[in-house]
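Counting convention: from 1, in listed order, for ligands and their atoms alike. Note that the numbering runs from 1 along the sequence shown for the chain.
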Amino acid sequence: MGDYSMHELNFHDATFEKCLKCHVCTANCPISSASIDFGGPKHLGPELKRLTDNQQIIDDHRIELCTLCGTCDISCPENVHISTLTSYLKAIHNEQQGTKFRDFVLGNAELVGKIASAFAPVTNVTMKIKPIRKMMQMLMGIHADRQFPTYQFHHFHRKYNKKQSSTKRKVAYFVGCYATYNAPEVAEAFVKVMEYNHIEVAIPEQKCCGVPMFANGQMKQGLKNATYNTDKLLEYTRQGYDIVMTCTSCTLAFKKEYTSFLRTEEANELATHIYDANEYLRQLYDQDELNVDFAPTEVKAAYFAPCHMKGQGIGNPTMDILELIPGYEIQDLAASCCGQCGTFGFKEEKYEYSMKLGNDLAETVAEVDSDYTVTECGMCKNQLNQVTNKLVRHPMEIILESYEKAHNR
Ligand code: SF4
Ligand code: SF4
Ligand code: SF4
């Protein structure tokens with residue numbers, strides 16, 4: 001695939017014909033619960049697809065409110081690919097209306113990460129200056145009260161860039177934008193956790209997974225990134241590497257979006273080699289290969305499962321692994337979407353809905369007796385940092401800490 005014309009956005013997903021109009025997806029959609037302005041997944045997925053195919057309606061602006069969280073997909077009894085339909089309908093809406101400058105910026109997380117980290121820490125200070133944020137709200141529509149994640153000058157690719165692994169088990173790490181530019185400590189922790197398991201990590205050439213592009217209607221650019229990443233990562237899987245990721249949104253993109261959107265044998269082949277980091281550790285454990293030399297502790301933690309973890313349908317690998325640490329107690333918050341939803345929660349006109357969901361989550365966090373909150377998604381962490389006073393940690397940092405304590409490091 002090279003150039004993605006509008007014609008290619010006339011996608012062929014016939015699952016909409018199976019819709020029973022049961023409304024289960026709408027009952028489970030976080031945005032439907034936060035906003036009466038949103039038509040809901042049934043209407044803006046299968047029904048809108050039918051109407052656009054029949055040329056009765058070619059566009060519906062309410063599609064902008066869909067966050068692509070995927071909650072509707074996992075609730076549908078007929079396995080209608082609802083968020084695949086809404087992704088394309090967003091792209092068609094974008095073609096009709098044109099891309100706002102703000103959405104172009106938010107959709108290009110990798111470019112923003114490169115620029116913002118090159119000028120960190122100045123970027124981080126600037127993003128906290130109220131008059132500048134007010135100006136950004138006025139000129140760009142990015143809400144002045146939304147906290148931004150910080151950017152790191154010493155980003156992950158400056159620190160670690162091995163291209164090949166020399167160990168028996170081989171892992172190629174798709175780092176993703178957040179762990180590269182905002183949280184290199186997560187990426188470093190993952191590499192060290194693998195080292196404690198005698199696995200050397202390689203870093204393939206990679207571009208942003210495309211999720212922020214899909215969410216902002218930039219389907220053509222997202223498909224280009226998906227094709228690039230598929231080609232680069234297949235070079236590794238065909239040499240025996242497993243592909244592992246620490247960001248649940250990146251992981252879901254490779255497992256679900258790439259196969260649905262690209263519809264190629266290559267995307268399907270690659271998807272069979274993709275693992276969430278804790279899913280991978282759990283597989284090592286099941287095969288008696290996991291280093292379980294964890295230091296005992298006395299911690300009470302609360303776990304927030306990102307929507308994009310739930311969407312993978314792999315159970316709860318993070319809690320499965322953390323519960324192997326002696327004395328580590330972790331409770332699932334069993335909460336709905338955090339409301340940050342990637343770039344959604346930055347947008348002026350969506351901030352109110354984002355904070356409604358965020359404040360509901362904050363109440364749930366407050367009800368649980370815990371020392372800190374655990375989550376894998378950097379954007380969920382951003383929301384939790386804004387709406388709660390509790391520390392938020394990535395599971396890789398906790399696992400590394402336990403290994404290091406056990407080895408007196
Ligand atoms: S849950 Fe599935 S079958 Fe039910 S209305 Fe939604 S798309 Fe249709
Ligand atoms: S992807 Fe999420 S926000 Fe969009 S319709 Fe489905 S449940 Fe609602
Ligand atoms: S920010 Fe987290 S909870 Fe919200 S949609 Fe994205 S993955 Fe789901």
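Under the 4.0 Å criterion applied to side-chain N and carboxylate O atoms, Asp145 and Arg133 are not assigned as salt-bridge partners. A salt bridge does not link Lys255 with Asp276: every distance from a Lys NZ or Arg NE/NH1/NH2 to an Asp or Glu carboxylate oxygen is 4.0 Å or more. Between Arg169 and Asp242 there is a salt bridge, since a side-chain N of the basic residue sits under 4.0 Å from a carboxylate O of the acidic one.
Between Lys310 and Ile74 the shortest side-chain heavy-atom distance falls below 4.5 Å. Looking at Met245 and Ile243, their side chains come closer than 4.5 Å, going by heavy atoms from C-beta outward.
Close contacts of ligand 1 with Lys21, meaning ligand atoms under 4.0 Å from a residue heavy atom, involve 5 (S), 8 (Fe). Numbered from 1 in the order shown, with element, the atoms of ligand 1 that lie under 4.0 Å from a heavy atom of Leu20 read 3 (S), 8 (Fe). Within the listing of ligand 1, atoms 4 (Fe), 5 (S) sit less than 4.0 angstrom from a heavy atom of His23. Interface of Lys42 with ligand 1, defined as ligand atoms under 4.0 Å from a residue heavy atom, comprises 5 (S). Which parts of ligand 1 touch Pro77 is read off a 4.0 Å heavy-atom cut-off, strictly below it: atoms 1 (S).
Closest to atom 1 (S) of ligand 1, if we only count protein heavy atoms, is Cys25 N, 3.4 Å. Looking at atom 2 (Fe) of ligand 1, its nearest protein heavy atom turns out to be Cys76 SG, 2.3 Å. Counting only heavy atoms of the protein, atom 8 (Fe) of ligand 1 lies nearest to Cys19 SG, 2.4 Å. When hydrogens are left out, the protein atom nearest atom 4 (Fe) of ligand 1 is Cys22 SG, 2.3 Å; that is the closest non-hydrogen contact.
Residue contacts with ligand 1 do not include Ser75, since none of its heavy atoms lies under 4.0 Å from the ligand.
Glu64 pairs with exactly one of Lys100, Lys90, Arg102 by the salt bridge (Lys or Arg N to Asp or Glu O under 4.0 Å) rule, that one being Lys100.
Counting heavy atoms under 4.0 Å from ligand 1, residue Lys18 does not touch it at all. Counting heavy atoms closer than 4.0 Å to ligand 1, residue Ile82 contributes side-chain atoms (C-beta onward) but none from N, CA, C or O.
Only protein N, O or S atoms were scored, and 1 of them lie under 2.8 Å from atom 2 (Fe) of ligand 2.
No more than 12 heavy-atom neighbours from other residues, nucleotides or ligands sit within 6.0 angstrom of NZ on Lys300.
When all heavy atoms are compared, the tightest approach of Thr26 to Ser32 is O-CB, 3.6 Å.
In terms of the ring pair (Phe, Tyr, Trp, His ring centres under 6.0 Å) criterion, residue partners of Phe294 (sequence neighbours excluded) are, by chain and number, Tyr403.
Taking the six-membered ring where tryptophan is involved, the planes of Phe346 and Phe148 are tilted, since the angle between them lies from 30° to 60°.
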message: One pair to check against ring-ring contact (aromatic ring centres under 6.0 Å, His included): Phe261 and Tyr88. What are the steps and the verdict?
response: CA-CA 9 Å; Phe261 297 163; Tyr88 275 100; 5.3 Å; yes

query: After noting the C-alpha distance and the side-chain angles of Tyr151 and Phe119, does the key distance pass the ring-ring contact (aromatic ring centres under 6.0 Å, His included) rule?
result: CA-CA 9 Å; Tyr151 288 88; Phe119 294 100; over 10 Å; no

